[in-house]
A.B. asks: 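Once you've had a glance at the structure underneath, I'll fire off some questions.
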Amino acid sequence: MNIKEALRIYFIMGSNNCGHHEPLDVLKQAIDGGITMFQFREKGSGALIGEAKKQFARDCFRLCKQANVPFIVNDDVDLAIEIGADGVHVGQDDLDAGIVRQKLGQDKIIGVSSHTLQESKAAIEAGADYIGMGPVYATTTKLDTNPVAGTTAIQETREHFPQFPIVAIGGLQADNFTPAIEAGADGISIISAIASVPNPKEATEKLVSTMKEVINDA
Ligand SMILES: Nc1nc(C(F)(F)F)ncc1COP(=O)(O)OP(=O)(O)O
Ligand SMILES: [Mg+2]
């Protein structure tokens, strides 16, 4: 799989991000709308835990598998291993990417959050397959986020690593993500612009069509 193409429209969702529809319906609509990768991120207030979280993960994974959409688990490496997910995303305060690689093996996808060139270097040396950089704009989705970073860190990492897969994250919408791509990101991560809107399928289609205008092969 081409990881840069998988990062184009990278949808991240948990049950507590869904405003207007049942979570599985939101994911179905996002898949129908053309998302290229999915991250299962069940955390924060009201998040499912234990068996309910596992079952929700399996249900999301089934939808992604049917559509050949790569399924990534946020933070929870053991859950990813248990259900056979395609990969894991970890942040600076989660399990070290090198240890995640040892646990998952070479054929799984490992994403790492980065806010600086230094963190990007460490993630790449630890064997990450992509890095998530932001928050580009203010976000209400993640409460313990770093300060708004704009696209400077993306640009800096891209200058040092011209080919390494980077996805932008943080407050991204169809009408504001272009600067992140122009700064060097290969794709965008979206939570509320798909999960919290009345028509997730239409919102996804708009993101896909806008991305096609910005990146020719998208
Ligand atoms: N979940 C994420 N996904 C991405 C992605 F690359 F996919 F865009 N980038 C960054 C994050 C944030 O990861 P983290 O800092 O661990 O916080 P949380 O666990 O609350 O998400
Ligand atoms: Mg995390």
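Given the structure is predicted, the values throughout are model-derived calculations rather than measurements. For ligands, and for the atoms within them, numbers begin at 1 and follow the listed sequence.
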A.B. asks: What part of Asp93, side chain from CB on, backbone N/CA/C/O, both or neither, has a heavy atom under 4.0 Å from ligand 1?
C.D. replies: neither

A.B. asks: The test is side-chain hydrogen bond (donor to acceptor under 3.5 Å, both in side chains); show your working for Glu42 and Ser15 and say whether it passes.
C.D. replies: CA-CA 7 Å; Glu42 189 63 15; Ser15 60; 2.5 Å; yes

A.B. asks: Has ligand 1 got any nitrogen or oxygen that is less than 3.5 angstrom from a nitrogen or oxygen of Gln39?
C.D. replies: yes

A.B. asks: Going through the checks in order, is the side chain to side chain contact (heavy atoms under 4.5 Å, CB included) test met by Phe161 and Ile166?
C.D. replies: CA-CA 10 Å; Phe161 301 101; Ile166 301 172; over 6 Å; no

A.B. asks: Heavy-atom contacts with Val167 under 4.0 Å: which atoms of ligand 1 show up? List them by number with element.
C.D. replies: 5 (C), 6 (F), 8 (F)

A.B. asks: Counting from 1, what ligand 1 atoms have a heavy atom of Ser189 closer than 4.0 Å?
C.D. replies: 5 (C), 7 (F), 8 (F)

A.B. asks: Tell me which part of Gln92 gets within contact of ligand 1: side chain, backbone, both or neither, using heavy atoms under 4.0 Å.
C.D. replies: neither

A.B. asks: Quick check on side chain to side chain contact (heavy atoms under 4.5 Å, CB included): which of Thr151, Thr152, Ile169, Thr157 does Met133 satisfy it with?
C.D. replies: Thr157

A.B. asks: What atoms of ligand 1 come within less than 4.0 Å of a heavy atom belonging to Gly91?
C.D. replies: 14 (P), 15 (O), 16 (O)

A.B. asks: Considering all heavy atoms of both residues, which atom of Ile131 and which atom of Ser120 are nearest to each other, and what is their separation?
C.D. replies: CD1-OG, 3.4 Å

A.B. asks: Check this for me: does any side-chain nitrogen of one of Lys206 and Glu202 sit under 4.0 Å from a carboxylate oxygen of the other?
C.D. replies: no

A.B. asks: Donor-acceptor pair, distance only, cut-off 3.5 Å: does the side chain of Asn16 make one with the backbone of Lys43?
C.D. replies: yes

A.B. asks: With a heavy-atom distance limit of 4.0 Å, tell me whether Lys142 approaches ligand 1 through its side chain, its backbone, both, or neither.
C.D. replies: side chain

A.B. asks: Going by side-chain heavy atoms closer than 4.5 Å, which hydrophobic residues are tied to Met37, directly or by a chain of links?
C.D. replies: Met1, Ile3, Leu7, Tyr10, Ile72, Ile109, Tyr130, Val167

A.B. asks: Using distance alone, determine whether Tyr130 and ligand 1 share an N or O pair under 3.5 Å.
C.D. replies: no

A.B. asks: Apply side chain to side chain contact (heavy atoms under 4.5 Å, CB included) to the pair Phe177 and Met211, showing each step before the final yes or no.
C.D. replies: CA-CA 9 Å; Phe177 76 72; Met211 185 61 81; 3.7 Å; yes

A.B. asks: Take Met13 and Val26 through the side chain to side chain contact (heavy atoms under 4.5 Å, CB included) test and state the conclusion after the steps.
C.D. replies: CA-CA 9 Å; Met13 182 191 89; Val26 172; 3.7 Å; yes

A.B. asks: For a side-chain hydrogen bond (donor to acceptor under 3.5 Å, both in side chains) check, start with the C-alpha distance between Ser196 and His20, then their side-chain angles and the critical distance, and finish with the verdict.
C.D. replies: CA-CA 7 Å; Ser196 314; His20 298 262; over 6 Å; no

A.B. asks: Can we call the ring centroids of Phe61 and Phe38 under 6.0 Å apart?
C.D. replies: no

A.B. asks: Check contact between Lys43 and ligand 1, using heavy atoms of the residue and a distance below 4.0 angstrom.
C.D. replies: yes

A.B. asks: Which option out of Pro165, Ser113, Ser114 puts a heavy atom nearest to atom 13 (O) of ligand 1?
C.D. replies: Ser113

A.B. asks: Just to be sure I read this right, does ligand 1 sit under 4.0 Å from the backbone of Asp94, its side chain, both, or neither, counting only heavy atoms?
C.D. replies: side chain

A.B. asks: In ligand 1, which numbered atoms sit nearer than 4.0 Å to a non-hydrogen atom of Asp75?
C.D. replies: 16 (O), 19 (O)

A.B. asks: Only one of Ile12, Leu207, Ile35 clears side chain to side chain contact (heavy atoms under 4.5 Å, CB included) with Ile190; which?
C.D. replies: Leu207

A.B. asks: Taking it one step at a time, do Glu51 and Arg58 satisfy salt bridge (Lys or Arg N to Asp or Glu O under 4.0 Å)?
C.D. replies: CA-CA 10 Å; Glu51 196 44 46; Arg58 288 191 194 97; 3.2 Å; yes

A.B. asks: Closer than 4.0 Å to some heavy atom of Arg41 - which atoms of ligand 1 meet that?
C.D. replies: 18 (P), 20 (O), 21 (O)

A.B. asks: If you draw a sphere of radius 2.8 Å around the Mg ion (ligand 2), how many protein N/O/S atoms end up strictly inside it?
C.D. replies: 2

A.B. asks: Is any N or O atom of Val90, backbone or side chain, closer than 3.5 Å to an N or O atom of ligand 1?
C.D. replies: no

A.B. asks: Counting each atom of ligand 1 from 1 as listed, which ones have a heavy atom of Gly132 under 4.0 Å away?
C.D. replies: 6 (F), 9 (N)

